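So that the names make sense, note that chain A is the first sequence line, chain B the second, and so on, each numbered from 1. Note that this is a predicted model, so its numbers are computed, not measured.
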Protein chains: 2
Amino acid sequence: MDNQRAETENKIIEAAMKVFTKKGYKGATMRDIAAEAEINLAMLNYYFRSKDNLFDIIFERAFKQIYGKLFEVLANNSSIFDKIRGLVNEIIEILLNNPELASLIFAEVSINPERLSDKFKGNSEVEKIFNRFQKQIDKEVKLGIMKPISFMELYMNIDALCVFPFLAKPMFTGIFNLSEMNYGGLMERRKSTIADFIIAGLQA
Amino acid sequence: MDNQRAETENKIIEAAMKVFTKKGYKGATMRDIAAEAEINLAMLNYYFRSKDNLFDIIFERAFKQIYGKLFEVLANNSSIFDKIRGLVNEIIEILLNNPELASLIFAEVSINPERLSDKFKGNSEVEKIFNRFQKQIDKEVKLGIMKPISFMELYMNIDALCVFPFLAKPMFTGIFNLSEMNYGGLMERRKSTIADFIIAGLQA
DNA sequence: TCTTGTATTAAACATTTGTTTAAAACAAAA
DNA sequence: TTTTGTTTTAAACAAATGTTTAATACAAGA
């Protein structure tokens with residue numbers, strides 16, 4: 001059946017996701033992945049041609065998972081402050097369910113930047129969404145509701161406050177000796193504190 | 001001379017720093033480092049015993065470079081808001097001079113968390129500094145000068161806003177197609193905007 | 001100059017790793 | 001049952017990589 005094929009593919013994808021996020025691209029071996037998937041080594045190349053190709057697919061998935069929802073929020077019709085709340089909520093929610101996603105993307109992008117920038121270059125859809133948001137900001141600035149800021153910097157700040165704690169989890173749990181559980185709760189609470197914090201900083 | 005020995009050591013350290021930050025621990029090879037240092041491969045083991053040991057030394061250096069100055073700022077006698085400005089300034093200044101430092105530490109810590117947490121565990125000096133800062137916060141909260149916040153979350157926010165843009169540089173330059181030069185200028189400006197932003201968010 | 005300890009080199013070694021191969025197992029169609 | 005195409009397996013291969021070795025060059029002290 002074709003069902004069988006899909007099932008094996010999934011097993012491999014899941015295993016690869018696990019191993020790549022844990023060890024990085026270079027650190028992960030095809031044998032690690034095969035073992036994790038409980039599958040013969042040669043099957044990996046049979047199903048996915050090469051390690052690089054397999055990683056590309058994993059990366060693409062992670063990427064879509066994160067950015068898909070974000071673009072939705074950015075594109076809808078609510079107020080800026082609501083969009084900020086929406087972005088913060090989505091980012092943290094996604095990362096709470098998939099804490100390794102951030103590391104996977106960052107570790108790889110810092111070594112191989114093209115892997116990501118290719119996904120944005122020449123994407124006019126994205127550009128349109130950004131411009132629209134910037135105009136929305138400018139309007140509220142003129143109305144005296146918020147301080148002036150570029151969309152880029154605002155987005156940078158949101159991303160920083162939401163994503164960084166996940167990237168830095170090993171650091172912070174080490175420095176402040178928190179347990180795994182506490183960290184989840186902390187991030188859950190931060191959904192609102194971060195949004196409040198940003199909005200407070202923006203209020204004119 | 002002993003001078004000669006130190007010189008070779010330095011050549012190796014510099015080369016290792018360069019290669020490790022660029023390719024990560026696993027991605028960097030001893031042959032890469034030897035080539036970068038323009039030195040025979042076997043010299044690396046002769047001088048530094050093993051790849052792992054060499055990395056440890058590089059990591060230790062990077063770590064001290066970042067945290068040394070930060071602890072200074074945290075330990076001095078200025079007001080909270082001044083300390084925040086001080087921290088932001090120091091972090092960004094260090095990373096502007098050494099943009100790869102952040103990636104080096106984060107990439108490695110996420111794969112090998114013990115490497116970092118070992119440096120904090122049982123360090124009562126650090127704990128003292130943290131507690132002192134927390135008390136300073138609590139006092140200002142009681143005086144109605146600032147909103148209540150834990151030192152940990154405040155530190156997390158500062159770190160996030162300062163460090164994240166360096167980690168995410170490949171992402172942001174890709175997404176918003178900025179040049180290398182622009183990015184430096186942006187971060188230079190952020191020294192004050194970040195501090196203002198944080199303080200605005202904290203003001204009661 | 002001879003000796004002795006250190007620095008440097010080219011080559012080799014043992015493992016690891018991504019990938020391929022050739023044979024076997026399996027399933028479905030004829 | 002035989003055939004045909006697909007999936008799975010164990011083994012092998014070639015390249016890369018951390019480390020060691022054994023020989024040589026070098027510098028300083030006797």
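Heavy atoms of A:Ala34 sit nowhere under 4.0 angstrom from any nucleic acid atom. If you check every strand for non-hydrogen atoms under 4.0 Å, B:Tyr47 touches sugar and phosphate atoms only.
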Determine all donor-acceptor pairs shorter than 3.5 Å in which one atom belongs to a side chain in residues 40-51 of chain B; sequence neighbours excluded.
from: B:Asn40; atom 1: OD1; to: B:Ala42; atom 2: N; distance (Å): 2.9
from: B:Ser50; atom 1: OG; to: B:Asn53; atom 2: N; distance (Å): 3.1
from: B:Lys51; atom 1: NZ; to: B:Tyr25; atom 2: O; distance (Å): 2.9
from: B:Lys51; atom 1: NZ; to: B:Ala28; atom 2: O; distance (Å): 2.7

Can you list, pair by pair, the side-chain donor-acceptor contacts under 3.5 Å of residues 151-168 of chain A, counting residues two or more places apart and other chains?
from: A:Glu153; atom 1: OE1; to: B:Arg190; atom 2: NH1; distance (Å): 3.1
from: A:Asn157; atom 1: OD1; to: B:Arg190; atom 2: NH1; distance (Å): 3.0
from: A:Asn157; atom 1: OD1; to: B:Arg190; atom 2: NH2; distance (Å): 2.8
from: A:Asn157; atom 1: ND2; to: A:Glu153; atom 2: O; distance (Å): 3.4

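Within a heavy-atom distance below 4.0 Å of DNA chain C, no residue of residues 10-27 of chain A is found.
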What does the list of N/O pairs under 3.5 Å between the protein and nucleotides 20-23 of chain C look like, with a distance for each?
none

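For B:Lys64, the salt bridge (charged side-chain N to carboxylate O under 4.0 Å, His left out) partners two or more places apart in sequence, or in a different chain, are B:Glu60. Applying the side chain to side chain donor-acceptor pair (under 3.5 Å) test to A:Gln134 and every residue at least two apart in sequence or in another chain returns A:Asp138. In this structure B:Thr29 satisfies the side chain to side chain donor-acceptor pair (under 3.5 Å) test together with B:Asp32, sequence neighbours excluded.
Closest approach to the B:Thr29 side chain among D:dG18, C:dG18, D:dA10 is made by D:dG18 (side chain taken as heavy atoms from C-beta onward). In the set D:dT19, C:dA10, D:dT9, the nucleotide with an atom closest to the side chain of B:Met30 is D:dT19.
The salt bridge (Lys or Arg N to Asp or Glu O under 4.0 Å) analysis of residues 191-200 of chain B, with sequence neighbours excluded, yields the pairs B:Arg85-B:Asp196, B:Glu93-B:Lys191, B:Glu188-B:Lys191. Every pair tested for salt bridge (Lys or Arg N to Asp or Glu O under 4.0 Å) that includes a residue from residues 65-80 of chain A fails, sequence neighbours excluded, so the list is empty.
Taking a cutoff of 4.0 Å between a charged side-chain nitrogen and a carboxylate oxygen, B:Glu9 and B:Arg5 qualify as a salt bridge.
In terms of position on DNA chain D, the residue among A:Ile39 and A:Arg31 whose nearest nucleotide sits closer to the 5' end is A:Ile39.
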